[in-house]
Engineer: 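There's a structure below that I have some questions on.
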Amino acid sequence: MSVALHRCRAAHPEDPTPCGGPVVVTVLDARGAGADGCEHHAARLLASLHRGRVCGLPHAAPGTAIRVFKTADGIRPFCWLDGPRTESSQLSHRENRAR
């Protein structure tokens, strides 16, 4: 019998990684729709959004949203996908700035 593990709402269904701690931030897309998540999945989601934002939840430690934002800067969008990734839309924000 398979037991589904609970993951935060920021975890993409195709991302195989487990949560990296408690739910501490909300990631918002350009239209303001959001998903609460752990730092790990929030950074991966933020890296995959165009014009996304992150906000710390009231119980989060100071600096949590900044940490997620900085982590997302170096993560490629949909980083769990395999294959060559050379288009600017497939690179991290940091890689695009270095080009």
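Residues: numbered from 1 along the sequence shown. Side chains are part of it too, since the values below use all heavy atoms of this structure and drop only hydrogens, waters and symmetry mates.
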Engineer: Mind listing the closest non-hydrogen atom pair of Val25 and Ala42 along with its distance?
Structural biologist: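 Here Val25 and Ala42 meet closest at CG2-CB, 3.3 Å.
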Engineer: List for me each residue that meets side-chain hydrogen bond (donor to acceptor under 3.5 Å, both in side chains) alongside Ser92, sequence neighbours excluded, and say none if there are none.
Structural biologist: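 So Ser92 forms a side-chain hydrogen bond (donor to acceptor under 3.5 Å, both in side chains) with Glu95.
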Engineer: Kindly give the heavy-atom pair with the smallest separation between Gly37 and Ala10, and that separation in Å.
Structural biologist: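 Scanning both residues completely, I find the closest heavy atoms to be CA-CB, 3.7 Å.
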Engineer: Quick one: side chain to side chain contact (heavy atoms under 4.5 Å, CB included) partners of His50, sequence neighbours excluded?
Structural biologist: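 Once residues adjacent in sequence are excluded, His50 has no partner under the side chain to side chain contact (heavy atoms under 4.5 Å, CB included) criterion.
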Engineer: Can you give each donor-acceptor pair under 3.5 Å made by side-chain atoms of residues 78-87, sequence neighbours left out, with the distance rounded to 0.1 Å?
Structural biologist:
| unit_1 | atom_1 | unit_2 | atom_2 | d |
| --- | --- | --- | --- | --- |
| Arg85 | NH1 | Pro77 | O | 2.9 |
| Arg85 | NH1 | Phe78 | O | 3.2 |
| Arg85 | NH2 | Pro77 | O | 2.6 |

Engineer: With sequence neighbours excluded, what pairs up with Ala43 under the side chain to side chain contact (heavy atoms under 4.5 Å, CB included) test?
Structural biologist: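 In terms of side chain to side chain contact (heavy atoms under 4.5 Å, CB included), with neighbours along the sequence ignored, Ala43 is linked to Val68, Thr71, Ala72, Ile75.
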Engineer: Do Phe69 and Val23 land in one hydrophobic cluster if side-chain heavy atoms of ILVMFWY residues count as linked below 4.5 Å?
Structural biologist: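 No; Val23 is not reachable from Phe69 via cluster members.
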Engineer: Name all pairs fulfilling the side chain to side chain donor-acceptor pair (under 3.5 Å) condition that reach into residues 18-32, sequence neighbours left out, sorted by first residue then second.
Structural biologist: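 Matches after skipping sequence neighbours: Thr26-Asp36.
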Engineer: Hey, which of Val27, Val54, Asp15 is the one that makes side-chain contact (heavy atoms from CB on, under 4.5 Å) with Leu45?
Structural biologist: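 Single pass found, and it is Val27.
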Engineer: Does any non-hydrogen side-chain atom of Arg99 lie less than 4.5 Å from one of Ser88?
Structural biologist: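 Side-chain contact under 4.5 Å: yes.
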Engineer: For residues 48-73, which residue pairs pass the salt bridge (Lys or Arg N to Asp or Glu O under 4.0 Å) check, not counting sequence neighbours?
Structural biologist: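 Sorted result for residues 48-73: Glu39-Arg67, Asp73-Arg94, Asp73-Arg97.
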Engineer: On a heavy-atom basis, which atom in Cys38 and which in Gly20 lie closest, and how many Å separate them?
Structural biologist: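 Heavy atoms only, the tightest pair is SG-N, 3.4 Å.
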Engineer: Backbone N or O of Thr17 within a donor-acceptor pair of the His41 side chain at under 3.5 Å?
Structural biologist: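 Confirmed, His41 side chain pairs with Thr17 backbone.
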Engineer: I need the minimum non-hydrogen distance between Cys19 and Cys8, along with the two atoms involved.
Structural biologist: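 Residues Cys19 and Cys8, closest heavy atoms: SG-N, 3.1 Å.
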